[in-house]
Amino acid sequence: MASTVSFSPTNVQMLQGRSGRGHSAFGSCFAVPRAGPRLRSTAVRVSSEQEAAAAVRAPSGRTIEECEADAVAGKFPAPPPLDMTKRPRRNRKSPALRAAFQETSISPANFVLPLFIHEGEDDAPIGAMPGCYRLGWRHGLLDEVYKARDVGVNSFVLFPKVPDALKTPTGDEAYNDNGLVPRTIRLLKDKFPDIVIYTDVALDPYSSDGHDGIVREDGVIMNDETVYQLCKQAVSQARAGADVVSPSDMMDGRVGALRAALDAEGFHDVSIMSYTAKYASSFYGPFREALDSNPRFGDKKTYQMNPANYREALIETAADEAEGADILLVKPGLPYLDIIRLLRDNSALPIAAYQVSGEYSMIKAGGALGMIDEQKVMMESLMCLRRAGADVILTYFARQAAGVLCGMGSK
């Protein structure tokens with residue numbers, strides 16, 4: 001049955017498009033006759049729909065039906081090669097090439113495993129941090145260190161859950177030579193003499209106020225009085241066998257004071273890893289649950305850095321370097337990759353990054369809900385911290401990630 005296609009000046013003008021070059025507004029695939037100066041409404045009869053389709057051809061001379069059939073079959077005309085001398089994809093075309101040109105590497109030697117310890121015998125799970133525990137300092141702790149060493153992790157940082165009865169406004173328990181941390185250091189060094197033990201130097205686990213420093217009656221955190229306490233704490237930890245003391249308090253001048261106090265006691269070889277750029281972050285929540293160390297009042301914004309600040313990190317870097325820091329740390333990690341890179345570009349000292357509890361818990365939660373591949377995101381996040389410039393990474397994923405790197409899965 002013949003079909004009739006009606007053409008009017010308006011329709012032809014729409015098909016030609018505004019360019020007036022005789023091509024449809026729907027693309028340049030269809031050739032449409034150029035409109036004449038006296039074009040009138042006409043009727044064109046064709047014998048069949050096939051003939052109508054054949055009357056409209058692509059620039060290649062093929063019918064629209066032939067083009068559509070090829071498109072459905074996934075066959076598309078090969079475009080002419082682009083005139084490019086550089087094609088970065090050449091170096092990505094095989095696993096061997098990708099491995100050869102990988103710019104950043106990561107190994108278990110880059111990890112420091114944080115360990116929560118308490119006075120009890122049994123390990124207590126931390127609800128906000130799946131897979132993490134408050135370890136009994138005699139048994140659970142030794143088992144965790146043994147498993148970590150089995151996959152190549154040999155560096156550990158200790159965080160104590162101190163009984164409330166031992167907490168005071170001045171945090172004197174922090175420098176008790178028979179306290180939880182010194183006892184734990186001695187035990188670990190006796191069992192594993194070659195491991196590297198980092199300690200936390202701050203008063204918040206020992207303070208009845210939950211702050212990193214001594215609180216004055218009007219709520220002000222006192223700087224110099226706090227530094228005096230921190231010096232005694234660092235010396236006590238060094239005396240027990242700590243390899244690296246890590247002031248996380250963010251008091252002014254504490255690195256220089258700690259260096260002088262350590263040297264005065266003969267601990268010239270004990271390193272200082274300064275929390276150089278520690279931000280007043282919301283990512284610390286699960287950690288504070290783990291240690292039960294939330295501030296009794298207020299917040300920590302008068303001593304920890306404003307998350308909005310970038311240049312201020314350079315002030316802290318210059319001060320810590322001048323005072324004798326051996327390692328500079330940025331905390332948190334992933335949300336502050338720019339700060340890690342800033343320190344890396346402005347200091348020759350080793351840079352550490354702390355992948356904090358909130359980062360850990362988010363990845364764990366996303367994996368448990370099936371929203372992400374936990375293992376792949378874990379490894380990518382750690383690689384990102386290395387790429388930004390971190391030499392060492394404090395991460396709760398240390399043992400799990402090291403297991404992956406060793407080809408043992410997420411042990």
Side-chain angles (χ1 to χ4, degrees), residues 114 116 128-129 157 159 167 169 171 174 200-216 218-227 229-230 233 246-255 258 272-320 323 325 327-343 346 351-362 381 385 388 390 393-396:
F116 299 113
M129 300 179 68
V157 57
F159 294 102
K167 296 181 180 181
D200 179 50
V201 178
L203 297 185
D204 53 326
Y206 308 91
S207 169
S208 53
D209 293 306
H211 277 280
D212 292 39
I214 298 173
V215 182
R216 203 166 63 189
D218 59 359
V220 172
I221 310 300
M222 296 190 290
N223 190 91
D224 297 9
E225 292 82 353
T226 296
V227 170
Q229 295 287 80
L230 299 178
Q233 181 184 17
S246 312
S248 63
D249 57 289
M250 293 298 288
M251 298 295 125
D252 294 336
R254 89 273 203 211
V255 172
L258 261 63
I272 297 176
M273 180 176 72
S274 173
Y275 282 55
T276 297
K278 181 179 181 181
Y279 285 84
S281 172
S282 299
F283 283 88
Y284 304 149
F287 177 93
R288 290 175 182 166
E289 176 189 321
L291 295 187
D292 189 23
S293 61
N294 281 301
R296 186 173 60 83
F297 66 92
D299 52 43
K300 301 190 176 187
K301 294 180 179 179
T302 64
Y303 46 100
Q304 294 178 359
M305 288 174 57
N306 184 342
N309 288 4
Y310 177 82
R311 299 188 306 272
E312 186 180 5
L314 292 176
I315 298 173
E316 296 286 355
T317 298
D320 287 353
E323 292 175 24
I327 308 165
L328 308 178
L329 182 141
V330 177
K331 182 180 180 182
L334 284 178
Y336 295 83
L337 292 176
D338 58 330
I339 306 301
I340 297 172
R341 172 49 56 183
L342 179 67
L343 268 61
N346 287 276
I351 305 299
Y354 199 142
Q355 187 180 48
V356 300
S357 58
E359 300 172 65
Y360 171 86
S361 295
M362 287 193 299
S381 69
L385 292 167
I393 303 168
L394 284 68
T395 175
Y396 305 99

My understanding is that only residues two or more places apart in sequence, or in another chain, count here; which of them pass ring-ring contact (aromatic ring centres under 6.0 Å, His included) with Y279?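 Listed in chain order: Y336.
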The criterion is side-chain contact (heavy atoms from CB on, under 4.5 Å); which residues satisfy it with D252, sequence neighbours excluded?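 Here the qualifying residues are N223.
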Sequence neighbours left out, what passes salt bridge (Lys or Arg N to Asp or Glu O under 4.0 Å) with D212? Give chain and number order.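 Expected list: K278, K300.
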Pairs in or reaching into residues 302-314: which pass salt bridge (charged side-chain N to carboxylate O under 4.0 Å, His left out), with residues at least two apart or in two chains?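 Of all non-adjacent pairs touching residues 302-314, none passes salt bridge (charged side-chain N to carboxylate O under 4.0 Å, His left out).
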Apply salt bridge (Lys or Arg N to Asp or Glu O under 4.0 Å) to R296 and list each qualifying residue two or more places apart in sequence or on a separate chain.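 By the salt bridge (Lys or Arg N to Asp or Glu O under 4.0 Å) rule, R296 matches D209.
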Taking side chain to side chain donor-acceptor pair (under 3.5 Å) as the test, write out the residues that go with T395, two or more places apart.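 So T395 forms a side chain to side chain donor-acceptor pair (under 3.5 Å) with Q355.
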Under the side-chain contact (heavy atoms from CB on, under 4.5 Å) test, which residues partner M362, sequence neighbours left out?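 For M362, the residues satisfying side-chain contact (heavy atoms from CB on, under 4.5 Å) (neighbours in sequence not counted) are F283.
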Using salt bridge (Lys or Arg N to Asp or Glu O under 4.0 Å) as the criterion, list what pairs up with D218, not counting sequence neighbours.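 Only R216 meet the salt bridge (Lys or Arg N to Asp or Glu O under 4.0 Å) criterion with D218.
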Residues in side chain to side chain donor-acceptor pair (under 3.5 Å) with Y303, at least two apart?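 Only H211 meet the side chain to side chain donor-acceptor pair (under 3.5 Å) criterion with Y303.
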Who pairs with A280 by side-chain contact (heavy atoms from CB on, under 4.5 Å), at least two apart in sequence or on another chain?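 With sequence neighbours excluded, A280 shows a side-chain contact (heavy atoms from CB on, under 4.5 Å) to K301, Q304, given in chain and number order.
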Take D200 and S246, measure what side chain to side chain donor-acceptor pair (under 3.5 Å) needs, and give me the verdict at the end. CA-CA 5 Å; D200 179 50; S246 312; over 6 Å; no
Would you please name every residue forming a side-chain contact (heavy atoms from CB on, under 4.5 Å) with A353, sequence neighbours left out?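 Residues passing side-chain contact (heavy atoms from CB on, under 4.5 Å) with A353: I340, L385, A390.
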Under the rule for salt bridge (Lys or Arg N to Asp or Glu O under 4.0 Å), what residues qualify as partners of K331, not counting sequence neighbours?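 If we apply the salt bridge (Lys or Arg N to Asp or Glu O under 4.0 Å) test to K331, skipping adjacent residues, there are no hits.
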